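Input: a single structure, listed below in structure tokens.
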Amino acid sequence: MRRFSWFNATSLTLGFAFLYLPMIILVIYSFNESRLVTVWAGFSAKWYAELLQNDAFLDAAWVTVKVGFWSSTLATVLGAMAAYVMVRGGRFFGRTLFSGMVYAPLVMPEVITGLSLLLFFIAIDLDRGVLTIVLAHTTFSMCYVSVVVSSRLISFDKSLEEAALDLGCTPFDAFRSVTLPIIAPSVIAGWLLAFTLSLDDLVIASFASGPSSTTLPIKIFSAVRLGVTPEINALSTIMIGIVTGGVICASLVMKRNVARARADEARAEMNS
């Protein structure tokens with residue numbers, strides 16, 4: 001077994017400091033009394049109160065959440081269907097083209113994707129707004145859902161579906177009662193990944209958004225160009241807190257599920 005040396009400890013410390021020290025500094029300065037973000041003038045939480053009164057940021061946050069929910073839901077449905085076709089569909093005419101079109105957004109530059117979508121929306125005379133952002137985010141995020149779901153379907157034991165069919169289930173009932181509950185964790189993971197990508201997107205949303213549909217990344221980017229304000233630090237701290245809370249909750253749920261599975265295995269061995 002390799003020993004934990006001072007070199008490894010130093011490398012690990014420097015790596016974590018490089019990743020998380022800027023976030024820690026940002027969180028600290030979000031409680032700065034001064035409007036100058038580089039000058040510490042005492043502890044204060046007034047910028048959080050001012051952030052809650054900033055209608056521009058609140059409207060952008062609502063648009064971002066709304067777009068993220070609908071785009072991730074559509075991307076999950078379409079991506080799961082595409083993954084099922086690619087894994088279970090066997091060989092069919094145009095399979096290679098279909099797979100290439102599904103996975104193309106993975107390697108396509110976001111600028112090209114955003115520009116092509118903008119030209120498409122102009123060609124069909126569709127006004128840019130929340131709908132166009134949802135369609136754009138669905139287009140590039142469904143491929144990530146397909147990757148996650150198809151990886152689970154490849155390792156899926158088909159004998160479980162065959163047993164359900166032998167017991168009288170229709171193919172749809174077998175999928176609803178057997179397949180879907182088993183692949184549900186990958187579907188949920190795909191939805192969360194699509195939602196995260198939608199919240200984080202700036203380039204594609206800047207092409208697909210309109211004057212009345214500004215997302216939070218676009219709003220923050222526009223504000224930062226004029227200078228970092230304490231409200232942005234407060235908003236970033238809130239987002240870091242939400243992400244941290246989500247990661248902690250997911251870790252606790254996973255830990256509880258693993259402990260429950262081990263307990264069930266131990267109980268089954270005792271009964272046998």
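On a predicted model such as this, the values are computed, not experimentally measured, just so you know. Reckoned from all heavy atoms, side chains included, excluding hydrogens, waters and symmetry mates.
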* Could you give me the CA-CA distance, side-chain angles and deciding distance for F98 and M101, then say whether side-chain contact (heavy atoms from CB on, under 4.5 Å) is met? => CA-CA 5 Å; F98 177 76; M101 292 177 65; 5.9 Å; no
* Asked: Any salt bridge (charged side-chain N to carboxylate O under 4.0 Å, His left out) pairs touching residues 163-192, not counting sequence neighbours?
  -> D173-R176
* Would you say I220 and I232 make side-chain contact, with heavy atoms under 4.5 Å? -> yes
* Within residues 179-204 or reaching into it, pairs that qualify as ring pair (Phe, Tyr, Trp, His ring centres under 6.0 Å) - sequence neighbours excluded -> W191-F195
* ILVMFWY clustering at 4.5 Å (side-chain atoms), partners of L58 -> none
* Say whether, by atom type as modelled, one donor and one acceptor occur between the side chain of S99 and the main chain of T96 under 3.5 angstrom. => no
* **Residue pairs, two or more places apart or on separate chains, that pass salt bridge (charged side-chain N to carboxylate O under 4.0 Å, His left out) and touch residues 237-247** => none
* Contacts of T196 that satisfy side chain to side chain donor-acceptor pair (under 3.5 Å) - sequence neighbours left out -> none
* So, S213 side chain and S209 main chain: donor-acceptor pair closer than 3.5 Å or not? -> no
* Flag, side chain of S186 to backbone of V149, donor-acceptor distance under 3.5 Å -> no
* Residue pairs passing the salt bridge (charged side-chain N to carboxylate O under 4.0 Å, His left out) test where at least one lies in residues 52-74, sequence neighbours excluded -> none
* Asked: Less than 4.5 Å apart, any side-chain heavy atom of L118 and any of R128?
  -> yes
* To do: Mark yes or no for whether S11, through its side chain, and N8, through its backbone, hold a donor-acceptor pair below 3.5 Å.
  => no
* Do you know which two heavy atoms are closest between S150 and A83, and how far apart they sit? -> N-CB, 3.6 Å
* Euclidean distance, I182 CD1 relative to F156 CZ, rounded to 0.5 Å -> 4.0 Å
* Does one hydrophobic cluster hold both V134 and I124, with members joined at side-chain heavy-atom distances below 4.5 Å? -> no
* Might you point out which heavy atoms bring G68 and S71 nearest each other, and give the distance in Å? => O-OG, 3.4 Å
* Is there a donor-acceptor contact under 3.5 Å from the side chain of W47 to the main chain of N32? -> yes
* Between CG of L21 and CG of L26, what distance do you get to the nearest 0.5 Å? -> 11.5 Å
* Does a side-chain heavy-atom distance below 4.5 Å link L193 with V145? -> no
* What's the spacing between T138 OG1 and I133 CD1 if we round to 0.5 Å? -> 11.5 Å
* Can you pull the ring pair (Phe, Tyr, Trp, His ring centres under 6.0 Å) pairs that have at least one residue in residues 103-139, sequence neighbours excluded? -> H137-F140
* To do: Specify the closest pair of heavy atoms between E110 and D201, including all atoms of both residues, with the distance to one decimal.
  => OE1-OD1, 4.0 Å
* So, the side chain of T64 versus the backbone of L199: is there a donor-acceptor pair under 3.5 Å, distance only? -> no
* Over all heavy atoms of both residues, which pair between V102 and P105 is shortest? Give the atoms and the distance, please. => O-CD, 3.4 Å
* Asked: Any chain of hydrophobic side-chain contacts (each under 4.5 Å) joining I248 to L192?
  -> no
* Asked: Do Y48 and I238 have side-chain heavy atoms sitting under 4.5 Å apart?
  -> yes
* To do: Kindly compute the distance separating CE (M81) from CE (M86), expressed to the nearest 0.5 Å.
  => 12.0 Å
* ILVMFWY network linking F16 to L14, side-chain heavy atoms under 4.5 angstrom -> no
* CG of L165 to CG of L160: how many Å apart, nearest 0.5 Å? -> 11.0 Å
* **Enclosure of F18 CZ (heavy-atom neighbours >12, cutoff 6.0 Å)** => no
* Apart from F221 itself, what residues make up its hydrophobic cluster, given side-chain heavy atom links below 4.5 Å? -> L202, I218
* To do: Only counting residues at least two apart or in another chain, list the ones meeting side chain to side chain donor-acceptor pair (under 3.5 Å) with S155.
  => R152
* Is there a path of hydrophobic side-chain contacts, each under 4.5 Å between heavy atoms of I, L, V, M, F, W or Y residues, that connects L51 with V27? -> yes
* To do: Could you check if a side-chain atom of L106 sits within less than 4.5 angstrom of a side-chain atom of V147, using non-hydrogen atoms only?
  => yes
* To do: Please collect all ring pair (Phe, Tyr, Trp, His ring centres under 6.0 Å) contacts where either partner lies in residues 51-86, sequence neighbours excluded, each pair once.
  => Y84-F175
* Under 4.5 Å between side-chain heavy atoms, chaining through other members, with only Ile, Leu, Val, Met, Phe, Trp and Tyr counted: pull out the rest of the cluster around L78, sorted by chain and number. => M142
* For L52, the rest of its hydrophobic cluster, which grows through side-chain links under 4.5 angstrom -> none
* Give the C-alpha distance, both sets of side-chain angles, the deciding distance and a yes or no for side-chain contact (heavy atoms from CB on, under 4.5 Å) between V67 and S198. => CA-CA 7 Å; V67 168; S198 177; 3.9 Å; yes
* Spatial distance of atom CZ (F172) from atom CG (L180) [nearest 0.5 Å] -> 9.0 Å
* Following the transitive rule for hydrophobic clusters with a side-chain heavy-atom cut-off under 4.5 Å over Ile, Leu, Val, Met, Phe, Trp and Tyr, establish whether L131 and F207 coincide in one cluster. => no
